[in-house]
Amino acid sequence: MLVMAAEQRAGAAPNTVLLQVRELVLQYKTPGHLVTATWNVGFDVCRGDRFVLLGPSGCGKSSILKAVAGFLKPAAGSIRLDGKPIIGPGPDRLVVFQEFEQLLPWKTTRENVLFPMRVTRRFGALEMEERADNVIDKVGLQRFADAFPHTLSGGMKMRVAIARALAMEPAILLMDEPFAALDALTRRKMQEDLLKLCEQTSLTMLFVTHSIEEAILLGSRILVLSPHPGRVRAELNAHQFAFADLDTPEFATLQRRITDMLFQDTSGVRR
Ligand code: ADP
Ligand code: MG
């Protein structure tokens, strides 16, 4: 069922714009002052893109994700999904966070995956069960379907969170530094598995990271943001890179280019 839907989606004109962000200004009003998180940020995410927002801590990456998810109202600019303005949260845009505590601790893997489907009543009883089994299988947790979160490793909890989002089949999956708190080996494995998942399901993903390496490995496109407040420095293609290219001069060159972009001030002088 899930696979069929994914195939239909894959057939549904890739390279058409799914998410359109224009001149986005995000601000927080705190007592005494106004914090500007992003300034005039614009980009297009096409169907099937693995679109990465890359920038240093505090440049507004999470704020952009929150705005796309519908939790934060833009001070100016617009966000459209499939041509329709985003006015609040919805099951077509689900977020996977870095925190391991995003799961319900009193529910098993399977119950955690079923939970949003039950709450939103988007699918019939049988379909929910099918979807849960299918995504648990996809993220490799069949043997842990009845395990509780506290018995799972950080990487496994992250898989449950991803499975739970995938089961809802969102139009776009929003990921906020999901692997940042994992150890290096687990992180690499999760990155590889996420790429495989993207290939299998032709998922559209908006992925936030401050790691240049992660951005190049995972992204098909990378939006490079300036330090606070976040502005667009550049938009790059990273289609051509895979894990096997990590040690190549081309990979190092792109990494260097992005480092330079990130740490140049507006006068072009490297700090
Ligand atoms: P990033 O995810 O790139 O690290 P954030 O989007 O979390 O950046 O934050 C961007 C800016 O907005 C930072 O200066 C941060 O301090 C500020 N900010 C984020 N959330 C809030 C909030 N709830 N209230 C006030 N300021 C905030
Ligand atoms: Mg953040």
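Both backbone and side-chain heavy atoms feed into the values below; hydrogens, waters and symmetry mates do not. In listed order, ligands and their atoms are each counted from 1. Here, residue 1 is the first one in the sequence, and each next residue gets the next number.
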**Request:** With heavy atoms of T30 as the reference, note each atom of ligand 1 found under 4.0 Å away.
**Result:** 25 (C)
**Prompt:** Salt bridge or not for E214 and R187, using N-O below 4.0 Å?
**Reply:** yes
**Message:** Looking at E129 and R110, is any side-chain nitrogen of the basic one under 4.0 Å from a carboxylate oxygen of the acidic one?
**Reply:** yes
**Message:** Testing the 3.5 Å rule here: is there a donor-acceptor pair between the side chains of T186 and D183?
**Reply:** yes
**Item:** Per-atom contacts, ligand 1 versus S57 - under 4.0 Å to a heavy atom
**Value:** 4 (O)
**Request:** Under 4.0 Å from a heavy atom of A37: give me the atoms of ligand 1 that qualify, with their elements.
**Result:** 10 (C), 11 (C), 12 (O)
**Prompt:** So which heavy atom in the protein is nearest atom 8 (O) of ligand 1, and how far is it from that ligand atom?
**Reply:** G60 N, 3.2 Å
**Asked** Any idea which protein heavy atom is nearest atom 13 (C) of ligand 1, and the distance to it?
**Response** G58 O, 3.7 Å
**Asked** Any idea which part of H210 is under 4.0 Å from ligand 1, heavy-atom wise: side chain, backbone, both or neither?
**Response** neither
**Item:** SB check D260 R257 (cutoff 4.0 Å)
**Value:** no
**Asked** So F51 and F43, would you call those rings parallel, tilted or perpendicular, with 30° and 60° as cut-offs?
**Response** parallel
**Asked** Does the protein put a heavy atom under 4.0 Å from atom 16 (O) of ligand 1?
**Response** no
**Item:** Per atom 2 (O) of ligand 1, closest listed option by heavy atom (S62, A67, G230)
**Value:** S62
**Message:** Among all the protein's non-hydrogen atoms, which is closest to atom 25 (C) of ligand 1, and how far away is it?
**Reply:** Y28 CB, 3.4 Å
**Asked** Just wondering, are more than 12 heavy atoms of other shown residues or ligands nearer than 6.0 Å to CD in E213?
**Response** yes
**Request:** Taking both backbone and side-chain atoms into account, decide whether S62 has an N/O/S atom under 2.8 Å from the Mg ion (ligand 2).
**Result:** yes
**Prompt:** Between T109 and F144, is there a donor-acceptor pair closer than 3.5 Å when you use the side chain of the first and the backbone of the second?
**Reply:** yes
**Message:** Looking at D82 and R47, is any side-chain nitrogen of the basic one under 4.0 Å from a carboxylate oxygen of the acidic one?
**Reply:** yes
**Request:** Could you tell me if any non-hydrogen atom of G55 lies under 4.0 Å from any atom of ligand 1?
**Result:** no
**Request:** Write out the residue and atom name of the closest protein heavy atom to atom 9 (O) of ligand 1, then the distance separating them to 0.1 Å.
**Result:** S63 OG, 3.9 Å
